[in-house]
Amino acid sequence: MTTETGTVVLVGSREDLHIKEVARRLGVEGVDAVIVDTLAFPDETRVSLTEDLAGIIVDGRTVGRPAAVYLRGLHSSPLAYLVDAQEAMDEDWRTTLTAFREKATLLNGLVARWEQLGVPLYNPVSSDWMMTKPVQLAALEAAGLPVPRTLWTNDPEAVRRFAAGGRVAYKPVTGGAATRELLPEDLTDERLSALSSAPVTFQELLPGEDLRVYVLDGEIIASLRIVTSALDFRQNEERLEPVELPPEVARDCVKACEVLGLRWTGLDLKRGQDGVLKFLELNGSAMFLGFDAGGGTDIAGHFTRALAKHARRA
């Protein structure tokens, strides 16, 4: 089977600003980019896989083994960003969830094929299991990296014991909602009974500065201080300030990527009461355009040039 070389594949929605910008910049670099529009799959995007590992056809084009792949998002859940499945869920939730399961299986198989073929993936699907917060922070701690004291639980008594150790913040296990401080009124039987519906993350409250650090192929390409008066900086950024990391913190950031098997990430650090910068999260598909715009960095440029370098080697 013939395959195309020198092509970079972008996996995500054509409407996603990050996909659009990377595709535009690759065009400027003279690199051929193929977008696998996972938001439009299977309604519009056509994907065919054969028994040949490189038997990959997207919208009638043989893609085979590309030079590199940027995995922005699979949109494989009704809860995924940009996905609007409310009407279908209301009409027949079981059939809708089954269809999403089939979609997820094929798309994960598609990306896993590229990893099996040795294609550089930003980021590989093999790292997905490490990206869930209960595994991620435990893996970092086991590697000797500083993380906050954390409890994931649905046990009210475990929460009360944990809260006795000092100020505590809480947030969803997966994320997606603002972090809040755990107050005495949150420790009542009535409030904690909500744990019977879903577990929650409880974490030592870190009162210090917020940092966002971008690591690409083992190198720090940007580091910013996020100035905010809020506990959770998201949607509450007052300004972004480029900062130079102490050498030991920079080494820890690169090591964290190695521990989790990531080629690239935007990671969040926050300073604790003890003055130590602690790892909160490494993002498998980090947003960066807002940080470029607010902090004067060129993360998009670094990232695109890394993809283009693979294409030129192909």
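Only heavy atoms go into these numbers, but all of them, side chains included; no hydrogens, no water, no symmetry mates.
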Gap separating the NZ atom of Lys278 from the CZ atom of Arg271, nearest 0.5 angstrom: 11.0 Å
Step through the shown structure and confirm whether more than 12 heavy atoms of other residues, nucleotides or ligands are within 6.0 Å of CD on Gln273. no
What verdict does the side-chain contact (heavy atoms from CB on, under 4.5 Å) test give for Thr98 and Arg101, after you've listed the backbone C-alpha separation in whole Å, the side-chain angles of each residue and the deciding distance to 0.1 Å? CA-CA 5 Å; Thr98 300; Arg101 183 185 63 187; 3.7 Å; yes
Arg160 (side chain) donor-acceptor with Leu187 (main chain) under 3.5 angstrom: yes
Residue pair Ser13 / Ile19: nearest heavy atoms and the distance that separates them: O-CB, 3.4 Å
Got Thr45 and Asp59 here, is their nearest side-chain heavy-atom distance under 4.5 Å? yes
Which heavy-atom pair separates Ala300 from Asp292 by the least distance, and what is that distance? N-OD2, 3.0 Å
Atom pair NZ/OG1 of Lys103 and Thr38 - distance to nearest 0.5 Å: 6.0 Å
Do Trp264 side-chain atoms and Ser285 backbone N/O form a donor-acceptor pair below 3.5 Å? no
Face-on cation placement of Arg25 at Phe303 ring, 6.0 Å and 45° thresholds: no
So do Asp252 and Leu277 actually touch side chain to side chain, heavy atoms under 4.5 Å? no
Nearest 0.5 angstrom please: Leu205 CG to Arg149 CZ, how far? 11.0 Å
Only one of Val135, Leu282, Asn123, Thr265 passes side-chain contact (heavy atoms from CB on, under 4.5 Å) with Leu260; say which it is. Leu282
Would you mind reporting whether Glu241 and Leu224 have side-chain heavy atoms less than 4.5 Å apart? no
Side chain to side chain, Leu289 and His18, heavy atoms closer than 4.5 Å: yes
Heavy-atom donor-acceptor pair, Asp186 side chain to Leu183 backbone, under 3.5 Å: yes
His75 versus Leu107: any side-chain heavy-atom pair under 4.5 Å? no
Say whether, by atom type as modelled, one donor and one acceptor occur between the side chain of Thr96 and the main chain of Ala88 under 3.5 angstrom. yes
Heavy atoms only: give me the nearest Lys270-Gly208 pair and the separation to one decimal. NZ-O, 2.9 Å
Start with the C-alpha distance between Glu29 and Thr304, add both sets of side-chain angles, then the distance that settles side chain to side chain donor-acceptor pair (under 3.5 Å), and finish with yes or no. CA-CA 9 Å; Glu29 294 277 343; Thr304 304; over 6 Å; no
List the steps and the verdict of side-chain contact (heavy atoms from CB on, under 4.5 Å) for Gln203 and Leu280. CA-CA 10 Å; Gln203 198 166 69; Leu280 287 179; 3.5 Å; yes
Check the pair Arg191, Leu182 against side-chain contact (heavy atoms from CB on, under 4.5 Å), reporting the backbone distance first and the verdict last. CA-CA 11 Å; Arg191 284 284 288 144; Leu182 189 71; over 6 Å; no
For Val125 and Asn108, the nearest pair of non-hydrogen atoms, with its separation, is CG1-OD1, 4.1 Å
Is Leu26 reachable from Phe288 through a run of I, L, V, M, F, W or Y residues, each pair having side-chain heavy atoms under 4.5 Å apart? yes
Pro156 side chain near Asp189 side chain, heavy-atom distance below 4.5 Å: no
Do Leu74 and Val69 sit in the same hydrophobic cluster, where Ile, Leu, Val, Met, Phe, Trp and Tyr count as joined when their side-chain heavy atoms come under 4.5 Å apart? yes
Do the side chains of Met287 and Ile35 join up, straight or via other hydrophobic residues, at under 4.5 Å, putting them in one cluster? no
Between Ser223 (side chain) and Val243 (backbone), is there a donor-acceptor pair under 3.5 Å? yes
Give the minimum heavy-atom separation between Ala308 and Val31, together with the two atoms involved. CB-CG2, 3.8 Å
When you measure from the side chain of Ser77 to the backbone N and O of Leu79, does any donor-acceptor pair fall under 3.5 Å? yes
Leu240 versus Ile226: any side-chain heavy-atom pair under 4.5 Å? yes
Could you go step by step and tell me if Val119 and Arg65 meet the side-chain contact (heavy atoms from CB on, under 4.5 Å) rule? CA-CA 7 Å; Val119 176; Arg65 187 193 186 283; 3.5 Å; yes
For the pair Asp210 and Arg225, find out whether any cationic side-chain nitrogen is under 4.0 Å from an anionic carboxylate oxygen. no
Ion pair Arg61/Asp32, N-O distance below 4.0 Å: yes
Leu39 versus Leu82, closest heavy-atom pair with distance: CD1-O, 3.8 Å
In this structure, are over 12 heavy atoms from other groups packed under 6.0 Å from Glu244 atom CD? no
Please round to the nearest 0.5 Å and tell me the distance separating atom NZ of Lys255 and atom CD of Glu248. 13.5 Å
Has Glu219 got more than 12 heavy atoms of other residues, nucleotides or ligands less than 6.0 Å from its CD? no
Report yes if the side chains of Asn283 and Arg212 come closer than 4.5 Å at any heavy-atom pair, otherwise no. yes
Are Leu121 and Leu106 connected in a single hydrophobic cluster, I mean Ile/Leu/Val/Met/Phe/Trp/Tyr linked by side-chain heavy atoms less than 4.5 Å apart? yes
According to a 4.5 Å side-chain heavy-atom criterion applied to Ile, Leu, Val, Met, Phe, Trp and Tyr, with indirect links allowed, do Leu137 and Val159 form part of one hydrophobic cluster? no
Roughly how far, to the nearest 0.5 Å, is CZ of Arg46 from CD1 of Ile57? 14.0 Å
Sidechain N-carboxylate O distance under 4.0 Å for Asp52, Arg113: no
Measuring from Tyr214:OH to Ile220:CD1, what's the distance to the nearest 0.5 Å? 12.5 Å
